[in-house]
Amino acid sequence: MSQPLTYYDEMKNKGYSRRDFVKFATMMAAFMGLERSAVGQIAKSMASKPRIPVIWLHFQECTCCSESFIRSSHPIVADILLDQISLDYTETLMAASGFQAEEAMQHTMNKYKGEYILCVEGSVPVEADGVYCMIGGKTSMQILEEAAAGAKAVIAWGSCACNGCVQAAKPNPTAATPIHKLVKGKPIIKVPGCPPIGEVMAGVIVHLVTFDRIPQLDALGRPKAFYSKRVHDTCYRRPFFDAGLYVESFDDENAKKGYCLYKVGCKGPVTYNACGVTKWNGGTSFPIQSGHGCIGCSEENYWDNGRLYERASAFAGFGIEATADVVGGIALAATGAGVLGHAVMTNIRKKDNIHMLEDEGKKEEKELDH
Amino acid sequence: MAKKYVHIHRLRRVYTWELPVRLYHWLNALVMVALIVTGFYISNPLVISSHQEASNRFVMGWMRAIHFIAAYIFFFNFIFRLYWGFVGNKYANWKQFIPTGKFFFKEIWQVLKIDILQLKGKEHLSVGHNALAGFIYFFTFIAFGIQSLTGFGLYASMSNWWLPKLFSWVPAILGGDIMVRQVHHWTMWFFILFVVIHVYLVFYHDYVEGRGETSSMVGGWKFIEEEAFQKDQQTAPDRRVLTDEKK
C-alpha cells in the first residue's frame with residue numbers, strides 16, 4: 001500500500017457497496033443543508049482525497065460527544081470517519097495504550113505537521129498548574145499546546161470545549177477553561193451541545209474533507225449551517241407559542257395536548273442548535289418532542305444562567321430565589337414609599353412657603369403705607 | 001424719603017421645549033408603555049385558556065409584533081433625539097445631560113439639598129432641565145442604548161434586514177441569548193422606576209414652583225422668573241429661545 005487510502009477505499013475494505021457510499025454522501029449533503037449538486041462533490045472528495053489525519057483529545061468531559069458521534073444515524077460515520085480511519089489517537093476508542101499510544105500521537109504530529117485536525121473534547125483545568133487533568137504524566141494544558149501547535153484547525157467538540165459546561169459552573173474549582181481561550185492563532189470550530197448531535201459532528205468533518213476549508217462560522221464561532229437558528233424557530237410546537245397556549249405544569253391538560261413548554265422553562269427561544277430539524281437518534285425525537293423543555297445545553301453557561309424549569313432566572317447578587325421581577329417589585333415599592341414620604345414633606349414645606357410669602361407681602365405693604 | 005415698591009416676581013413665558021422635543025417625548029412615552037406591557041407578557045405570558053384551535057389564535061404573535069414595531073419606533077425616535085441634541089435649542093442640547101464642568105455638579109448638589117432632601121436654602125431656578133434631572137436623563141439615554149443593543153441583538157437572528165443584523169455581535173459579547181435576554185429584562189425595570197419618579201417630580205415642581213412644569217411638555221411654554229431667565233441667558237445665550245418679551 002504505497003498510495004494513502006481514500007475514505008472510499010476504506011469503505012470498500014469494510015464491505016460497503018458503492019450504493020451505501022452514495023447514500024452516505026446524499027445524507028450528509030442533506031444534513032449540511034447543501035444543494036443536490038454538492039452530493040457529487042462530497043462523493044468525489046471522499047473517493048479521491050486521502051483521509052485527513054485526526055488527533056482527538058479527551059480532557060475534562062464525560063465522553064458523551066464521542067458517544068453521540070458513534071451513534072450517528074449512518075453507520076459509515078462511526079465506521080469510517082471515526083472508528084476505522086480518521087483517528088490516529090483517541091483515548092476512548094484506540095486499541096493501543098501506554099507508550100504505544102503516545103508514540104502514535106507523536107508520529108501523527110510529526111508526520112502530518114500542519115495537516116492534521118485536532119479535535120478536543122472537554123475543557124482544560126488551569127488551576128494549580130493544571131494538575132486536575134493529567135494524561136501520561138502531562139497536564140492537559142501541555143498536551144493541548146503541543147497538539148495545537150501543528151494542527152491545521154481545531155474542532156472544539158461539545159459544550160465542555162466550547163464554554164466549559166458543568167465543570168466551569170460556579171464556583172469552577174478547577175478553573176475549567178474552554179479551548180478558544182487557550183489556543184490562539186488557529187481556526188477553531190465550536191460545536192457546542194451536551195452532547196452535540198452526531199450528524200452535526202459528522203457534517204463538520206465531511207465539510208472539512210469535501211471543501212478543504214472550515215465551514216462558515218457565526219459570531220460565536222459555530223458552524224452557521226447547524227447553529228444559525230434557534231431551537232424555537234424550528235420547533236414543531238411553535239404554533240402553540242404564537243397562539244399563546246402554554247403548558248402550565250407537566251401534569252396538566254395542556255401538557256397532554258402538546259402545548260408549548262415555554263412557561264415550564266423551555267430554553268428553545270435562546271438556544272441555537274439543529275435539534276428541531278435533525279433531531280436525535282436517527283431522527284427519532286428530541287427533548288421537546290418527548291415533552292420536556294430544552295435545557296439550552298449548547299448555550300454558554302447554561303448551568304449558571306437559569307433554572308431548568310422556570311423562565312425567570314436568578315438575579316445575580318440577590319440570592320437564588322430573587323428573580324429580576326422580585327427585585328424590581330421591591331424596588332418599585334421602595335420608590336413608591338419614598339415618593340409618598342417626599343410628597344408629605346413637600347406639603348409641610350409648601351405651607352411654610354405660603355406663610356413666608358404672606359408675611360413678606362404684609363411687611364412690604366406696611367412699608368409702603370408709610 | 002425714598003420711594004418704595006412692592007416686590008413682584010415678574011414671570012416671563014419662555015418657549016422651552018420645541019415641538020420636535022415634545023413629539024419625541026410623547027412618542028417615547030407611548031412606545032415605552034407598549035414595550036413594557038408587551039415585554040411583560042412575552043417574558044411571562046398570562047394564562048388565557050381557550051378551546052380554540054391554535055390556528056385561530058395569535059396572542060403571543062401579536063404581542064411580539066407590537067413589541068417589535070414599538071421597538072423600531074423607539075429606536076428611530078431615540079436616534080432622532082440624539083440628533084436633536086446637536087441642532088435643537090439650548091434646553092435640548094447634549095450639554096444639558098453630560099457634565100461639562102464643576103458648575104454642573106454644584107447645581108446637582110444644590111438640587112439634591114433643596115428638592116430631594118428638602119433642606120432649607122435658596123432653590124435653584126433653572127429654565128430647562130435642572131442639572132440633576134439632566135444627569136439622570138443621561139443615564140436613561142445609556143439605558144436606551146442598552147435596550148437597543150440587547151433588543152436588536154436578540155432580534156438579529158430572526159431578521160433578514162441588515163439593520164438588526166448590525167447587532168448580531170451583541171450575543172457574542174455577552175455569551176449567548178440567555179444573558180442578553182436577562183440584561184434586557186433587568187434594564188426594563190430601570191424605566192419603570194424612572195417613570196414613577198419622573199412623573200412624581202413633574203407634579204412636585206409644578207406644585208411647589210408654579211411655573212407650568214406639567215403643561216410645558218404639551219405647549220412648550222414655561223413661566224420663568226425674569227431674574228432666572230436673565231441669569232440663564234447670561235451664562236449661555238441662545239437667541240433661538242423664544243419668549244413673549246418684545247424688545
Side-chain angles (χ1 to χ4, degrees), chain A residues 163 218-221 228-230 233 239-246 248 254 259-260 262-263 267 269-272 296 298-302 305-306 311-313 315-316 323-325 327-329 331-332 334-336 338-339 342-343 345-350 353 360-361 364-365 367-368 370, chain B residues 1 3-7 40-41 43-50 52-64 115-118 120 154 156-158 168-182 185-186 188-190 192-194 196-197 199-201 203-204 207-208:
Chain A
N163 53 55
D218 68 5
L220 280 163
S228 61
K229 286 267 176 258
R230 303 172 304 169
D233 295 324
F240 294 109
F241 171 83
D242 288 330
L245 297 169
Y246 305 102
E248 299 289 332
N254 296 355
Y259 285 177
C260 173
Y262 187 65
K263 287 183 80 176
K267 302 292 181 293
V270 286
T271 304
Y272 291 78
S298 56
E299 288 297 308
E300 188 173 326
N301 276 337
Y302 74 100
N305 266 349
R311 278 278 302 150
S313 38
F315 193 79
T323 64
D325 290 342
V327 175
L332 186 63
T335 308
V339 161
H342 195 269
M345 285 291 291
T346 301
N347 261 302
I348 296 168
R349 202 171 66 142
K350 186 168 179 179
N353 278 352
E360 222 175 81
E364 284 183 351
E365 261 176 21
E367 280 176 9
L368 262 183
H370 292 287
Chain B
M1 194 181 148
K3 246 184 174 176
K4 285 195 171 165
Y5 297 95
V6 179
H7 183 80
F40 265 121
Y41 182 85
S43 86
N44 189 16
L46 295 168
V47 189
I48 305 169
S49 2
S50 169
Q52 276 182 311
E53 285 293 322
S55 55
N56 291 327
R57 293 161 53 91
F58 200 56
V59 182
M60 178 59 96
W62 280 117
M63 290 290 177
R64 279 160 44 88
D115 289 330
I116 308 301
L117 301 175
Q118 309 218 321
K120 284 206 183 334
L154 286 170
S157 71
M158 290 181 253
S168 57
W169 54 271
V170 178
I173 296 258
L174 288 173
D177 283 14
I178 300 179
M179 205 58 202
V180 180
R181 200 190 71 77
Q182 287 185 31
H185 194 91
W186 297 336
M188 174 202 65
W189 273 104
F190 169 82
I192 295 174
L193 300 181
F194 170 82
V196 173
I197 296 170
V199 172
Y200 168 74
L201 283 178
F203 290 153
Y204 162 83
Y207 188 67
V208 172

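These figures come from a predicted structure and were not determined experimentally. Each chain gets a letter, A, B and so on, in the order its sequence line appears, and its residues count up from 1. Scope of the values below: all heavy atoms of this structure, side chains included, with no hydrogens, waters or symmetry mates.
- Ranked by heavy-atom pairs under 4.5 Å with chain B, the first of A/Gly328, A/Gly329, A/Gly336, A/Pro239 is A/Gly328.
- Highest contact tally toward chain A, considering only B/Ser43, B/Gly61, B/Ser168, is held by B/Ser43 [criterion: heavy-atom pairs under 4.5 Å].
- Of the residues considered (A/Lys267, A/Arg230, A/Glu299), A/Arg230 shows the highest number of contacts with chain B, using heavy-atom pairs under 4.5 Å.
- Using a 4.5 Å cut-off between heavy atoms, A/Tyr246 contacts chain B through its side chain alone, with no backbone atom that close.
- With a threshold of 4.5 angstrom between heavy atoms, B/Met158 approaches chain A through side-chain atoms but not through N, CA, C or O.
- Between chain B and the options A/Tyr272, A/Tyr259, A/Tyr302, the largest number of non-hydrogen pairs under 4.5 Å is found for A/Tyr272.
- For a residue to count as touching a neighbouring chain, one of its non-hydrogen atoms must lie under 4.5 Å from one of that chain's; by this rule B/Ile173 does not touch chain A.
- Put simply, of A/Thr271, A/Asn301, A/Leu220, the one with the most heavy-atom pairs under 4.5 Å next to chain B is A/Leu220.
- For the pair B/Ala54 and A/Ala243, the tightest heavy-atom approach, listed with the atom from each and the gap, is O-CB, 3.5 Å.
- Heavy-atom pairs under 4.5 Å with chain A were tallied for B/Trp169, B/Tyr200, B/Phe40, B/Phe190; the largest tally goes to B/Tyr200.
- At a 4.5 Å heavy-atom cutoff, the contact between B/Tyr41 and chain A is made by side-chain atoms alone.
- What you find for A/Tyr262 and B/Met60 is that their closest heavy atoms are CE2-CE, 4.0 Å.
- Contacts between A/Ala343 and chain B at a heavy-atom distance below 4.5 Å involve backbone atoms as well as side-chain atoms.
- Side-chain polar atoms of B/Tyr207 and A/Thr346 form no donor-acceptor pair below 3.5 angstrom.
- Of all heavy-atom pairs spanning A/Ala324 and B/His185, the tightest one is CB-CD2, 3.6 Å.
- Of the two parts of B/Ser157, the backbone and the side chain both hold a non-hydrogen atom closer than 4.5 Å to a non-hydrogen atom of chain A.
- Both the backbone and the side chain of A/Asp325 come within contact range of chain B, each with at least one heavy atom under 4.5 Å from a heavy atom of that chain.
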**Request:** Check the pair A/Val327 / B/Trp186 against side chain to side chain contact (heavy atoms under 4.5 Å, CB included), numbers first and verdict last.
**Result:** CA-CA 9 Å; A/Val327 175; B/Trp186 297 336; over 6 Å; no
**Message:** Applying side chain to side chain contact (heavy atoms under 4.5 Å, CB included) to A/Leu245 and B/Arg57, what does each step give before you reach the verdict?
**Reply:** CA-CA 9 Å; A/Leu245 297 169; B/Arg57 293 161 53 91; 3.5 Å; yes
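- Both the backbone and the side chain of B/Phe58 have a heavy atom closer than 4.5 Å to some heavy atom of chain A.
- For the 3.5 Å distance criterion, the side chains of A/His342 and B/Tyr204 fail to qualify, holding no donor opposite an acceptor.
- Per-residue counts of heavy-atom pairs under 4.5 Å with chain B were compared for A/Asp242, A/Thr335, A/Asn347, A/Val270; the largest is that of A/Asp242.
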